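Just below is one structure, and these are the notes that go with it.
Keep in mind it's a predicted model, so treat the numbers as computed, not measured.
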Amino acid sequence: MSIVEIKGVKSGHSCGYCGHPRGKVSYGMWAHSMTVQDYQDLIDRGWRRSGKYVYKPTMNKTCCPQYTIKCHALNFQPSKTQKKILKKMTKFLSGGVMPEGPCDGEPMDSHCGEAVPPAGPSMNRTDAKIPVIVGTSGKEEEEAPKRAEPETAPQEPPSVAPGLTLSATPKPGMGADPNRPPCRKAKDLRKERRLQKQHGGGAASTSPVLKSAPLPPPQGKSLEDFFSDSLTESAHRLEVRLVRSSPPSLQFKDTFDASYQVYKLYQMAVHKDPPDKPSETQFRRFLCDSPLEAEKTPDGPDSGYGSFHQQYWLHGRIVAVGVVDILPSCVSSVYLYYHPDYASLSLGSYSALREIAFTRQLQKRTPQLSYYYLGFYIHSCPKMRYKGQYKPSDLLCPETYTWVPIERCLPLLEASVYARLNQDPDTGEENALKNMDQALVLHQRSVMPYRIYKRKCRGSTDEQEVVQYARLVGQACAERMLLYRA
């Protein structure tokens, strides 16, 4: 059962993306508990969590609009740059030599997003215990008391021999010898000789070469093939362990201090935090506490649904941790932190590729779980555009809450930082609020539809606040989640 409490509009705060001192605007609520289906529906309306604080950017007002992005994990093929990162890790694991130079990848969401509000929940713990259901069947019943910022992705440099520089215009010369045949690629010559042999001409045949049908594009290595390569004859063994963080499993408790120490080092090295800022309390509240209820179903993942830490172990110690939520339709990336000594391995990009492969693994058992959510895509912030490189991917339209291929969105976002991504004027809002009276309220430890709450609390001035909440969460969530009212 989901129980939430309105925190309201949060504006006038500093933006971590563009640096605007008062440009960030969002709407937030505190989630005391939340089902994985409710959170899935919320992130499909542009919400996101930071600890137990769940927030939705006010897209047409905030300085840097944040568009929810999801990758089609089953159709994902690594790009050339992503393959280089995978090969770099394989080379390190097999040879044991750390690559030199700066990290050429991009860490996943190393920005904390929305900080947890200093004022926590106002709901008393006893108010959340087994509420009485009042009037949900349509008849009123008696009330009787009875639960990280990412780096810019590298651009491929042009291929230039050492010691040479690119020139804007070629030097004048004699040009190609017209009496000699034009140069041809060795690959084309080999293909021609092979076709000649197939048609009985032999290597020295002068018979005309028949043009064959175009060959299908070669199937490159899959994502899983790269990870399999890293397991053979390795000097280092990288182990990825999935541990439930909320409620904390025994493995999570046993490794908590080691994981926290990596987080602290990461925050100090990457974000230049003073040693006292990444406290254990802040770490728990931001990356360990979660409102998501652990849930297991017969056809769900073996691990169940909920919040987890994916720990990357090397030589008996944690070198990186990916914080993820496993939801009915997706794996949602929350945060990634790593030991600064391993920054040159591009662990941010590597962990994202691992999480895509993890999503594909889960989908084999749970067919509807087929997407990888990367959080927010922020086109107005160039260093946050790297998330669009995980293709194919879609962005969420902030007005219709429908998904649009990112290729169709980019021209709109080039023209304006905020845009309605679905350009069909006839498409309305998905799951729009239609009946406010059916929204559920938790009041004095009793559950009731909003129409009964209004009757009980005549003269209340909170109607506008409750309607705004219901519009933002949508009809389905408004009818399932309990909105706490004091």
Handout entry: Interatomic distance, L287 atom CG to S259 atom OG [nearest 0.5 angstrom]
Key = 8.5 Å
Problem - Minimal non-hydrogen separation, Y39 against V54, with atom names - result: CE1-CG1, 4.4 Å
Handout entry: Y312 six-ring face occupied by R317 cation (under 6.0 Å, within 45°)
Key = no
Problem - Shortest non-hydrogen contact from C397 toward L421 - result: SG-N, 3.5 Å
Handout entry: Stacked cation flag R354 on F227, 6.0 angstrom / 45 deg
Key = yes
Exercise for the section: Locate the shortest heavy-atom distance separating C64 from Y17; write the atom from each residue and the value. Expected result: SG-CB, 4.0 Å
Enumerate, atom names and distances included, each donor-acceptor pair closer than 3.5 Å involving a side-chain atom of residues 405-419, sequence neighbours excluded.
{"residue": "E414", "atom": "OE2", "partner": "H379", "partner atom": "NE2", "Å": "2.8"}
{"residue": "S416", "atom": "OG", "partner": "Y418", "partner atom": "N", "Å": "3.4"}
{"residue": "S416", "atom": "OG", "partner": "Y418", "partner atom": "O", "Å": "2.7"}
{"residue": "Y418", "atom": "OH", "partner": "E399", "partner atom": "OE2", "Å": "2.8"}

Problem - Intermediate values then yes/no, side-chain contact (heavy atoms from CB on, under 4.5 Å), C477 and L42 - result: CA-CA 8 Å; C477 282; L42 286 177; 4.1 Å; yes
Practice task
Test salt bridge (charged side-chain N to carboxylate O under 4.0 Å, His left out) on R365 and D299 and set out the steps.
Solution key: CA-CA 7 Å; R365 177 178 171 86; D299 59 345; over 6 Å; no
Practice task
Answer whether the closest heavy-atom distance between the side chains of S333 and Y373 falls below 4.5 Å.
Solution key: no
Exercise for the section: Check V404, L395, L396 against N422 for a side-chain contact (heavy atoms from CB on, under 4.5 Å) and give me the one that passes. Expected result: V404
Fill in the blank from the handout: Heavy atoms of I318 and A258 approach each other most closely as CD1-CB, 4.2 Å
Problem - Note, L442 side chain near I3 side chain (heavy atom, < 4.5 Å) - result: yes
Handout entry: K387 charged N/C atom sitting above Y377 aromatic ring, 6.0 Å / 45°
Key = no
Handout entry: Donor-acceptor side-chain pairing of Q282 and Y263 below 3.5 angstrom
Key = yes
Practice task
Answer yes when K264 and D273 have at least one side-chain N-carboxylate O distance shorter than 4.0 Å, and no when they do not.
Solution key: no
Problem - Q82 and S79 side chains, donor-acceptor separation under 3.5 Å - result: yes
Exercise for the section: Tell me yes or no: between the side chains of S332 and Y372, is some donor less than 3.5 Å from an acceptor? Expected result: no
Handout entry: Q363 vs L74 side-chain heavy atoms within contact, under 4.5 Å
Key = yes
Problem - Axial cation check for Y371 ring with K70, 6.0 Å and 45° limits - result: yes
Practice task
Apply salt bridge (charged side-chain N to carboxylate O under 4.0 Å, His left out) to E429 and R45, showing your working.
Solution key: CA-CA 10 Å; E429 178 186 329; R45 291 181 66 84; 2.7 Å; yes
Practice task
Could you tell me whether the side chain of P340 reaches within less than 4.5 Å of the side chain of V270, counting heavy atoms only?
Solution key: no
Practice task
Ignoring hydrogens and angles, state whether a donor on the side chain of D225 or S222 is under 3.5 Å from an acceptor on the partner side chain.
Solution key: yes
Practice task
Please tell me if the side chains of K7 and Y55 come closer than 4.5 Å, counting only heavy atoms from C-beta onward.
Solution key: no
Handout entry: Sub-4.5 Å side-chain heavy-atom contact between S249 and F308
Key = no
Problem - Parallel, tilted or perpendicular: ring planes of F283 versus F256, cut at 30 and 60 degrees - result: tilted
Practice task
Report yes if the distance between the aromatic ring centroids of H309 and F252 is under 6.0 Å, otherwise no.
Solution key: yes
Handout entry: S246-S290 side chain donor-acceptor pair, cut-off 3.5 Å
Key = no
Exercise for the section: Using a 4.5 Å cut-off on heavy atoms from C-beta on, say whether the side chain of Y260 contacts that of T255. Expected result: no
Handout entry: Listed once per pair and sorted, the salt bridge (Lys or Arg N to Asp or Glu O under 4.0 Å) pairs that draw on residues 473-486, sequence neighbours left out
Key = D38-R480, D41-R480, D462-R485, E465-R485
Problem - Minimum side-chain heavy-atom gap W403-T68 below 4.5 Å - result: yes
Practice task
Sequence neighbours left out, what passes side-chain contact (heavy atoms from CB on, under 4.5 Å) with D276? Give chain and number order.
Solution key: P274
